[in-house]
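Report on the structure given below.
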Amino acid sequence: MDAQRLSDGKTVFLKYTRKDSPEIAIGEYFSSEPLRTDPRNHCLPLLEVLKNEEDPEYVILVIPWLRRIDSPEPASVRECVDFVQQTLEGLVFMHEHKVAHRDCAWGNILMDGRRLYPQGWHPQQWGFFPNGKPMRGADPSRTAVGGVRYYFIDFGISTKDQDEVLGIHGQELSPELSDTVPYNPYKLDVYILGMAYQHFLIEVYVPSLR
């Protein structure tokens, strides 16, 4: 759900989640200094956690309003390489701090589109401006605006300081997922991110390698 933050007028996203979700502790961890301003940190910033007076078992997360990584799609090899470099950098950073995402599929990677669309975009119709007018002309270029920044989102099944885990949830049906046989979540992340490159880049731009 989109909303407008009164302090600065920026569009933000509100996410309703259980108060015991690992997304909160991990989000607060990576949003604290000095991690928050580390350039290798590509974890979605957690702006605020709001209490839910009607249901104390749930909270509302205030997070930045981001954009799908295929809207628009990368327009050059250079832009694809930048995507790979940033996401690898972000995954290494998470693992250095003993956090395994466990669901870093391409659907859980978004980009900060403000450079591409300085006027913003409509929360429900991304091909329109906030005032409802349609965007016309060629798609904006990542290269022309100096690049965009990519973020990992949705830490709902992530773990910290755990070298072995159980569980079968996630967008990518990875071979080691199991409810009974423990597996290494860091190695799982590497597989899932590799499959993100497969789906987002190779299958689109190099169909002969499918």
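FYI, the numbering just counts along the sequence from 1. Basis for what follows: all heavy atoms, side chains included, without hydrogens, waters or symmetry-related copies. These numbers were taken from a predicted model, which means no experiment stands behind them.
For Thr87 against Leu193, the heavy-atom pair with the smallest separation is O-CD2, 3.9 Å. Across Ser71 and Met111, no two heavy atoms sit closer than the pair O-CE, 3.2 Å. Contact between Leu47 and Pro64 at its shortest, heavy atoms only, is CD1-N, 3.9 Å. When all heavy atoms of Ser178 and Tyr183 are compared, the closest pair comes out as N-CE2, 3.5 Å. Between Glu164 and Pro182, the shortest heavy-atom contact is OE1-CB, 3.8 Å. Closest of all the heavy-atom pairs between Pro56 and Lys19 is O-CD, 3.3 Å.
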Ile109/Phe83 under side chain to side chain contact (heavy atoms under 4.5 Å, CB included): CA gap, chis, key distance, verdict:
CA-CA 10 Å; Ile109 304 171; Phe83 168 74; 3.9 Å; yes
Stepwise side chain to side chain contact (heavy atoms under 4.5 Å, CB included) check, Trp65 with Arg5
CA-CA 11 Å; Trp65 184 255; Arg5 192 163 59 172; over 6 Å; no
Begin from the C-alpha positions of Val84 and Leu201 and carry the test side chain to side chain contact (heavy atoms under 4.5 Å, CB included) through to its verdict.
CA-CA 10 Å; Val84 172; Leu201 300 175; 3.7 Å; yes
Residue pair Glu96, Arg40: steps toward the salt bridge (charged side-chain N to carboxylate O under 4.0 Å, His left out) verdict
CA-CA 11 Å; Glu96 285 180 356; Arg40 300 177 301 150; 2.8 Å; yes
As a quick check of understanding, evaluate side chain to side chain contact (heavy atoms under 4.5 Å, CB included) for Leu61 and Val49, giving each step before the final call.
CA-CA 5 Å; Leu61 309 183; Val49 179; 4.0 Å; yes
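Rounding to the nearest 0.5 angstrom, the gap separating the CZ atom in Phe155 from the CG atom in Asp103 is 10.5 Å. Here the straight-line distance linking atom OH of Tyr191 with atom CD of Gln198 works out to 9.0 Å at 0.5 Å rounding. Rounding to the nearest 0.5 Å gives a distance of 7.0 Å between CG of Leu166 and CG of Asp179.
Proximity of Tyr186 to Lys98: side-chain heavy atoms (C-beta onward) are separated by under 4.5 Å at one or more points. Residues Pro22 and Lys160 have side chains not in contact (no heavy-atom distance under 4.5 Å, counting atoms from C-beta outward). Counting heavy atoms from C-beta outward, Val59 and Asn52 have side chains that stay 4.5 Å or more apart.
When atom types are taken as modelled, the side chain of Arg115 and the backbone of Gly146 share a donor-acceptor pair closer than 3.5 angstrom. Under a 3.5 Å cut-off, the side chain of Arg36 and the backbone N or O of Asn41 do not form any donor-acceptor pair. Side chain of His42 to backbone of Phe152: no donor-acceptor contact under 3.5 angstrom is found. Between the side chain of Asp189 and the backbone N or O of Arg102, at least one donor-acceptor pair lies under 3.5 Å. In this structure, the side chain of Ser32 engages the main chain of Tyr29 through a donor-acceptor pair within 3.5 Å. Under a 3.5 Å cut-off, the side chain of Ser141 and the backbone N or O of Thr143 do form a donor-acceptor pair. Counting only distance, with no hydrogens or angles, the side chain of Tyr197 and the backbone of Trp106 share no donor-acceptor pair below 3.5 Å. Panel note: side chain His101, backbone Asp154; a donor-acceptor pair is recorded below 3.5 Å. In terms of modelled atom types and a separation under 3.5 Å, the side chain of Ser76 and the main chain of Glu79 share a donor-acceptor contact. Under a 3.5 Å cut-off, the side chain of Gln86 and the backbone N or O of Val148 do form a donor-acceptor pair.
In this pair, Phe93 and His97 present their aromatic rings tilted. The plane angle is within the 30 to 60° band. The aromatic rings of Tyr16 and Tyr58 sit parallel, their planes meeting at an angle under 30°, below the 60° perpendicular limit.
For the pair Arg68 and Trp126, the cation-pi criterion (under 6.0 Å, within 45° of the ring axis) is not fulfilled.
Crowding of Arg78 atom CZ: a count of heavy atoms from other residues, nucleotides or ligands under 6.0 Å not exceeding 12.
The salt bridge (Lys or Arg N to Asp or Glu O under 4.0 Å) test applied to Arg149 returns no partner, not counting sequence neighbours.
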